[in-house]
Amino acid sequence: MTAPRTAPPAGPDPAALAAAFTEAYAAPPEGVWHAPGRLNLIGEHTDYNDGLVLPFALPLGVSVAAARRDDGVLVVRSLQAAGDGVRTPVDGGPISAEDWPDGRRWAAYPAGVARVLRPSGTGGASLLIDADLPQGAGLSSSAALECATALALCELYGVQIARPELARLAQRAEHEHVGVPCGLMDQSASLLCTAGHALLLDCRSGLSAQVPFAPSGAGLALLAVDTRAGHELAGGEYARRRDECERAAAALGVDALRDVTDLAGALASLRDPVLRRRAQHVVTENHRVEAAAGLLRAGAVAELGALLTASHLSLRDQFEVSWPEADTAVEAALRAGGRGGRMIGGGFGGSVIVLTAAARADRVRDAITAAYAKRGWTAPAFLEADPAEGAHRVR
Ligand code: GLA
């Protein structure tokens, strides 16, 4: 996310990737597929509580050049990684952390997808991966890699799987082969989003709706701020939050926190203060998603700011997943006249989004950069994005 302030970011060049594939594998690819990363407008830590989310696709993402193989093997190389990549059978049990200990853990994502899709009729393939989405910035580079691979394999083998189902299969690959108990948001965003819209997704029913969202058309800017705090340590905390939410739901006698209809009553009946805070966040966050979708449908994009900030405060104080760089960025943005802002993703690192009048965007960026400099932190990186297209074939 070191994008210059003016030029819009571009996905990896499909022709260059195809040429690199031909060089690497001594034969041209059969096609090139692209899947975007996402920003989540609102609805954080709601997906695994059967709740609502409102993400949109970034113009940045992961591209995969691919060709079938008839030996039942997946060969994966990446332009971002040195070495020969990974060779692995598409038939096989769960991939383990020991399989590729030497910095090739990223290969578990495409390999996991190949194994999960195998029973549907896909087979071996040679893949070459390229990405213009920064890793570790909380923009779902993993889901983009899964979804680009999934789409490539399905189209190569003529396997037809509806996209909502494909998102669930990509999520399953991450659960079973990477060991991350993620929700459904990131894969759904990558596969289902459309340009000019945010995706209102009900993570229980799987039903979704495209909600118009074009901040630049309304004289606004949606800035993503890479806080430059990695979230490698977030795994354990993420699993703990999931567990706390499940315990809160069980104590309340509901299937998921999504089902809480009397929040005050629920809070009064939960004895554990930690579970009370978790429930309060999830239930109020679902309301904020509905309110945000209502504002977008009314064309009142600028009014979103207060909801974003309320979401941030809830994630900071009730769900306790924010981090100092995120809090500082949001506070600096608000002081500089930004309309609202919040951390996005799982927490403990990654990105923040800020909604501001376009005319104030420079002031907001400068204020965040200055707040960082005052604390001696690595300067943040900015990206300004309007919603882009979901995963598709590019060549
Ligand atoms: C991560 C997960 C998502 C979601 C968010 C929090 O990005 O991959 O499924 O749970 O955290 O909203």
Side-chain angles (χ1 to χ4, degrees), residues 38-47 51-59 138 185 189 193-203 207-225 258 263 280-319 322 326-345 351-368 382-388:
R38 61 97 187 95
L39 291 178
N40 185 20
L41 201 47
I42 199 157
E44 220 63 84
H45 289 277
T46 45
D47 60 354
L52 305 171
V53 294
L54 193 61
F56 66 88
L58 282 168
M185 169 169 68
C193 281
T194 59
H197 296 88
L199 178 81
L200 177 61
L201 173 69
D202 182 326
C203 296
L207 293 177
S208 63
Q210 304 289 340
V211 186
F213 177 52
S216 63
L220 297 161
L222 202 282
L223 304 178
V225 187
R258 155 73 178 270
L263 178 58
Q280 179 169 334
H281 168 72
V282 173
V283 176
T284 59
E285 185 77 350
N286 275 325
H287 288 299
R288 283 186 287 271
V289 177
E290 287 185 320
L295 289 174
L296 291 187
R297 285 183 170 131
V301 186
E303 314 303 314
L304 274 178
L307 289 173
L308 301 185
T309 305
S311 170
H312 183 76
L313 297 179
S314 179
L315 288 158
R316 187 190 72 184
D317 300 336
Q318 310 299 333
F319 219 66
S322 191
D327 296 336
T328 297
V330 170
E331 281 157 26
L334 294 177
R335 268 201 308 274
R339 297 197 68 105
R342 66 179 205 86
M343 57 150 282
I344 61 165
S351 291
V352 155
I353 54 171
V354 173
L355 184 70
T356 173
R360 259 177 204 272
D362 277 343
R363 203 187 300 177
V364 167
R365 272 188 281 245
D366 291 347
I368 297 173
F382 297 97
L383 170 73
E384 189 176 326
D386 268 333

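Quick note: numbers below take in every heavy atom, side chains included, and nothing from hydrogens, waters or symmetry partners.
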Look up atom [atom1] in [X] and atom [atom2] in [Y], then write down how far apart they are to the nearest 0.5 Å.
X	Y	atom1	atom2	answer
Phe213	Leu54	CZ	CG	8.0 Å
Thr284	Phe319	OG1	CZ	10.5 Å
Met185	Ile344	CE	CD1	8.0 Å
Ser351	Leu58	OG	CG	9.0 Å
Arg360	Leu220	CZ	CG	12.0 Å
Leu308	Leu222	CG	CG	7.5 Å

Determine the sole option in Asp202, Thr46, Asp47, Leu201 for which the side-chain contact (heavy atoms from CB on, under 4.5 Å) test with Leu52 is passed.
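Single pass found, and it is Asp202.
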Identified side-chain contact (heavy atoms from CB on, under 4.5 Å) partner of Ser322 from the options Leu313, Asp317, Val352, Asp327
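The option that passes is Asp327.
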Between Arg339 and Thr356, does the side-chain contact (heavy atoms from CB on, under 4.5 Å) criterion hold? Intermediate values first, please.
CA-CA 5 Å; Arg339 297 197 68 105; Thr356 173; 5.5 Å; no
Audit row: Leu41, Leu296, side-chain contact (heavy atoms from CB on, under 4.5 Å) steps and yes/no
CA-CA 11 Å; Leu41 201 47; Leu296 291 187; 3.9 Å; yes
For Arg342 and Thr309, run side-chain contact (heavy atoms from CB on, under 4.5 Å): C-alpha distance rounded to whole Å, both residues' side-chain angles, the deciding distance at 0.1 Å, then the answer.
CA-CA 6 Å; Arg342 66 179 205 86; Thr309 305; over 6 Å; no
What's the verdict on salt bridge (charged side-chain N to carboxylate O under 4.0 Å, His left out) for Asp366 and Arg363, showing C-alpha distance, side-chain angles and the deciding distance?
CA-CA 5 Å; Asp366 291 347; Arg363 203 187 300 177; over 6 Å; no
Quick one: sort the His281 and His45 rings into parallel, tilted or perpendicular, breaks at 30° and 60°.
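Perpendicular: the ring planes of His281 and His45 meet at over 60°.
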Do Gln280 and Ser314 meet the criterion of a side-chain donor-acceptor pair at a distance under 3.5 Å?
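Their side chains do not contain a donor-acceptor pair, so the 3.5 Å distance test is not met.
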Chi angles and distances behind the side-chain contact (heavy atoms from CB on, under 4.5 Å) call for Glu285, Val282:
CA-CA 5 Å; Glu285 185 77 350; Val282 173; 5.7 Å; no
